[in-house]
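In what follows, a single structure is set out as structure tokens and then discussed.
To find a chain, count down the sequence lines: A is the first, B the second, and so on, and within it residues start at 1.
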Amino acid sequence: MSKPSIPQGTRDFSAETVQKRNYILNTIRTVFELYGFQPLETPAMEKLETLMGKYGEEGDKLIFKILNNGLAEPQNADKAKAGFDKLLQGKNTADLTERALKYDLTIPFARYVAMNHGQLTFPFKRYQIQPVWRADKPQRGRYREFTQCDADVVGSNALVNEVELAFIYHTVFTKLGLKDYTLKINSRKLLAALAELCGGTDKMMDITMAIDKLDKIGLEKVKAELEQRGLTAAQIERIETYLAISGNNDARLTALEKLFEGNDIAAKGIEELRTVAGRTKNINLQIDLTLARGLNYYTGVIFEVKGPEQVKMGSIGGGGRYDDLTGLFGVPDIPGVGISFGVDRIYDVIEELGLFPAELQLGSKALFFNLGEAESQLAFEQMQLLRDAGVACEMFHEQAKMDKQFKYADKKNIPYVIIIGEREAGEKKAMLKELKTGKQEAVAFDELAAYLQLRNTKTTK
RNA sequence: GUAGUCGUAGCUCAGUUGGUUAGAGCAUCAGAUUGUGAUUCUGAGGGUCGGGGGUUCGAGCCCCCUCGAUUACCCCA
């Protein structure tokens, strides 16, 4: 048997990692709830048909499909073989797979809303924190299993939702100490208007995909790509004018108005941006006209969050407005807007910048030394009293040299050791030593809990 | 999915044009001391060199396949 291992792009999380992740997750959850969002959880797997076709052609390829059970049964074998032939021709087939791991949280949410719209109170605000799976090739900041944190509100066209979501981003990242993030905003309506002016709406995907790369490959290469995608010189020039728009948010909006004069879609997009930007003046929100976002269901304002420049992590969150997501599931006219946090990338960024609070890593507060049969029984009694008082503690599992017990406490990051030997037992006192300072003092048994609780103030927020 | 780099002890790494029984430091464990983490001393364990196949008298080293890590592209959180 080969050495045990885990699938590509997946990870085990040690105690320390879990604690750090929980710190991030709890921060996000708290803010979501502060803004009136309520939790929802959906299954790890969905029916394949629920997911297929929702993320574009590339997205379909990245969905993890689950092989049907019972393919080897005689009554299924012929179907399975036929299905396999179809699969080799690039067609998906329910004969082989009809379930898949969820690819994001938004589509399952839309499926849920479509299934339950009769019972829900609109506007419906939900948040969701769950793992999702993508058959992507792993890279820095890219995993095959990762956690998303989404907040969406459906059943409302009001732009105040966009404003609130922008504030959620700001609040979460501020609480996490990640001050240097950038929140970018754009409107799909502007991109649609641009496409209208440059060869028709069917060119929208070509145009957005090309200009999305501007900061990465530069203007000349973007122009080359546009040319390759079949745009004329005049159209490319127009796009260049659009891309050249710069300055602060107000200046950009003014320039846009001039460029798109008389275009109704653009006028709406500009109005959206003006409203959202106008109501978020005290947080750092930048209108970025090259922002496009890959997912094709967005129709209005779109968001994207980038980590601090120095960590080179790319997007750590994103979202936007969609007019008709549930329409995909036969329930039209429920518009919505949502955002997502990429927890795993946020973790990597915070870790790299050393921004995790130091006091996160506490396990036990104190270690009771085991100095022998009689001593350890007395120590056990004292330990249970501490536990009753809410102080996390443990005792060394067997009698051993003090040297060894000290090292154990050190390695497990336990800040205090409690020594109860013959001497202490007689005086009804425990020797309490703080490892970091090396200081120790004798504390009466009935004062132990209070003594340690006093030094327990920074574990909660 | 395409292409490049890499994979030797728990960790960080040596390992000569292919040549005997694959090494070091740190860590671990045991012993000396024995009611305060140190230091020191003595000793020990630990590797099918990521896995499989091939070339060769002989492979950690060369070739092929595969798994994993990493980087770029594609796409994306």
Legend entry - Contact list for residues 28-48 of chain A, test salt bridge (Lys or Arg N to Asp or Glu O under 4.0 Å), sequence neighbours left out: A/E46-A/R111
Legend entry - From B/C75, B/C76, B/U36, nucleotide with atom closest to A/R134 side chain: B/C76
Legend entry - Residue pairs passing the salt bridge (Lys or Arg N to Asp or Glu O under 4.0 Å) test where at least one lies in residues 141-154 of chain A, sequence neighbours excluded: A/R126-A/D152, A/D136-A/R142
Inset, instruction - Ignoring the backbone of A/K401, work out which of B/U33, B/C75, B/U36 is nearest its side chain. - result: B/U33
Inset, instruction - Report the distance from atom CZ of A/F406 to atom P of B/U34, rounded to the nearest whole Å. - result: 17 Å
Inset, instruction - Establish, from distance only, whether the side-chain atoms of A/E373 and A/Q377 form a donor-acceptor pair under 3.5 Å. - result: yes
Inset, instruction - Calculate, to the nearest 0.5 Å, the distance between atoms CD1 and CG belonging to A/I339 and A/L165 respectively. - result: 4.5 Å
Name each donor-acceptor pair under 3.5 Å that joins a side chain in residues 421-433 of chain A to protein atoms two or more places apart or in another chain, with its distance.
unit_1 : atom_1 : unit_2 : atom_2 : d
A/E424 : OE1    : A/G421 : N      : 2.9

Inset, instruction - Taking the six-membered ring for Trp and the single ring otherwise, decide whether the centroids of A/Y55 and A/Y297 are under 6.0 Å apart. - result: no
Inset, instruction - Could you tell me which residues satisfy ring-ring contact (aromatic ring centres under 6.0 Å, His included) with A/Y322, sequence neighbours excluded, listed by chain and number? - result: none
Inset, instruction - Return yes if the base of B/G35 and the side-chain atoms of A/E424 contain a donor-acceptor N/O pair under 3.5 Å, otherwise no. - result: yes
Legend entry - Atom P, compared across B/C64 and B/A69: separation rounded to whole Å: 22 Å
Legend entry - Sequence-distant partners of A/Y408, ring-ring contact (aromatic ring centres under 6.0 Å, His included), two or more places apart: A/F396
Legend entry - Whichever of A/M209 and A/G438 has its nearest RNA chain B nucleotide further upstream toward 5': A/G438
Legend entry - Any donor-acceptor pair under 3.5 Å from A/R321 side chain to A/V337 backbone: no
Legend entry - Set of residues satisfying side-chain contact (heavy atoms from CB on, under 4.5 Å) with respect to A/A409, sequence neighbours excluded: A/L367, A/I414, A/V417, A/L435
Inset, instruction - For A/F64, enumerate each residue passing the ring-ring contact (aromatic ring centres under 6.0 Å, His included) test, keeping only those at least two apart in sequence or located in another chain. - result: none
Inset, instruction - Examine distances only and state if a side-chain atom of A/Y242 and a backbone atom of A/T290 form a donor-acceptor pair shorter than 3.5 Å. - result: no
Inset, instruction - Rounded off to whole Å, could you give me the NZ-to-P distance for the A/K61 and B/G1 pair? - result: 10 Å
Inset, instruction - Let me have RNA chain B in dot-bracket notation, would you? Count Watson-Crick plus G-U wobble pairs, both distances under 3.5 Å, and use [ ] for pairs crossing earlier ones and | for inter-strand partners. - result: (((((((..((((.....[...)))).(((((.......))))).....(((((..]....))))))))))))....
Legend entry - Under the side-chain contact (heavy atoms from CB on, under 4.5 Å) test, residues paired with A/T280 that sit two or more places apart: A/V163, A/A166, A/F167, A/I283, A/L285
Legend entry - B/A77 base stacked by A/F146 (centroids within less than 5.5 Å, tilt under 30°): yes
Write out a two-atom table: protein N or O, nucleotide N or O from nucleotides 27-30 of chain B, distance below 3.5 Å.
unit_1 : atom_1 : unit_2 : atom_2 : d
B/U28  : OP1    : A/K411 : NZ     : 3.4
B/A30  : OP1    : A/K404 : NZ     : 3.4

Inset, instruction - Check RNA chain B against residues 25-40 of chain A and give the residues with a non-hydrogen atom under 4.0 Å, in numerical order. - result: none
Inset, instruction - Write down the distance between NZ (A/K213) and P (B/C74), rounded to a whole number of angstrom. - result: 5 Å
What does the list of N/O pairs under 3.5 Å between the protein and nucleotides 67-71 of chain B look like, with a distance for each?
unit_1 : atom_1 : unit_2 : atom_2 : d
B/G68  : OP1    : A/Q8   : N      : 3.4
B/A69  : OP1    : A/G9   : N      : 3.2
B/U71  : OP2    : A/R140 : N      : 2.8

Legend entry - A/K433 side chain, from C-beta outward: closest of B/A77, B/G37, B/C75: B/G37
Legend entry - N/O donor-acceptor pair, side chain A/D410 with base B/G37, under 3.5 angstrom: yes
